[in-house]
Amino acid sequence: MGRIRPSKPAAIFGALFGAAILVYGVVQIGSKAPSGFFWLWLVAGIAIIVFNLWAAFAKRGAVQVYEEDRTSDDRGR
């Protein structure tokens, strides 16, 4: 079993993109009376930031996990 991680620059770019989404939501949507969509937007932006930073810097951070299925045929037997 192994893990597939994004490169740190890609994950940091994703976190910056999440921050841009967050700022846009606060400025454009939050300037009016905050609605349910505003709170959903905030949660989504924060989730994007946290997920990308976790994938970039956590010791076991990964976006995919793969398992090798080695049967007897794969070993040449």
Side-chain angles (χ1 to χ4, degrees):
M1 181 162 46
R3 297 180 181 281
I4 299 174
R5 297 178 68 166
S7 66
K8 283 190 182 184
I12 291 172
F13 177 77
L16 290 175
F17 181 73
I21 288 174
L22 202 60
V23 168
Y24 176 82
V26 169
V27 171
Q28 294 295 322
I29 302 169
S31 62
K32 303 163 186 67
S35 63
F37 183 71
F38 171 72
W39 297 110
L40 180 64
W41 190 278
L42 285 180
V43 169
I46 291 169
I48 290 169
I49 294 167
V50 169
F51 177 75
N52 278 287
L53 292 177
W54 169 77
F57 297 109
K59 184 176 181 180
R60 296 181 52 85
V63 294
Q64 295 179 3
V65 177
Y66 70 90
E67 290 185 32
E68 242 181 74
D69 184 20
R70 300 195 70 176
T71 61
S72 61
D73 294 337
D74 291 340
R75 293 184 199 135
R77 294 183 189 165

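All residue numbers in this chain count up from 1 along the given sequence.
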Notebook entry, point to check: Can you list the residues that meet the side chain to side chain contact (heavy atoms under 4.5 Å, CB included) rule with Leu16, with sequence neighbours excluded?
Noted result: Ile12

Check: Are Val50 and Tyr24 in one and the same hydrophobic cluster, where Ile, Leu, Val, Met, Phe, Trp and Tyr link if side-chain heavy atoms are under 4.5 Å apart?
Finding: yes

Next item on the list: Kindly assign one of parallel, tilted or perpendicular to the pair Phe17 and Phe13, based on the angle between their ring planes and the thresholds 30° and 60°.
Entry: parallel

Would you list the atom pairs, donor with acceptor, under 3.5 Å between side chains in residues 29-46 and any protein atom, with sequence neighbours excluded?
residue : atom : partner : partner atom : Å
Ser31   : OG   : Val27   : O            : 3.1
Ser31   : OG   : Gln28   : O            : 3.3
Lys32   : NZ   : Gln28   : O            : 2.9
Ser35   : OG   : Phe37   : N            : 3.4
Trp41   : NE1  : Ile21   : O            : 2.7

Next item on the list: With rounding to the nearest 0.5 Å, note down the distance linking CH2 in Trp54 to CG in Asn52.
Entry: 10.5 Å

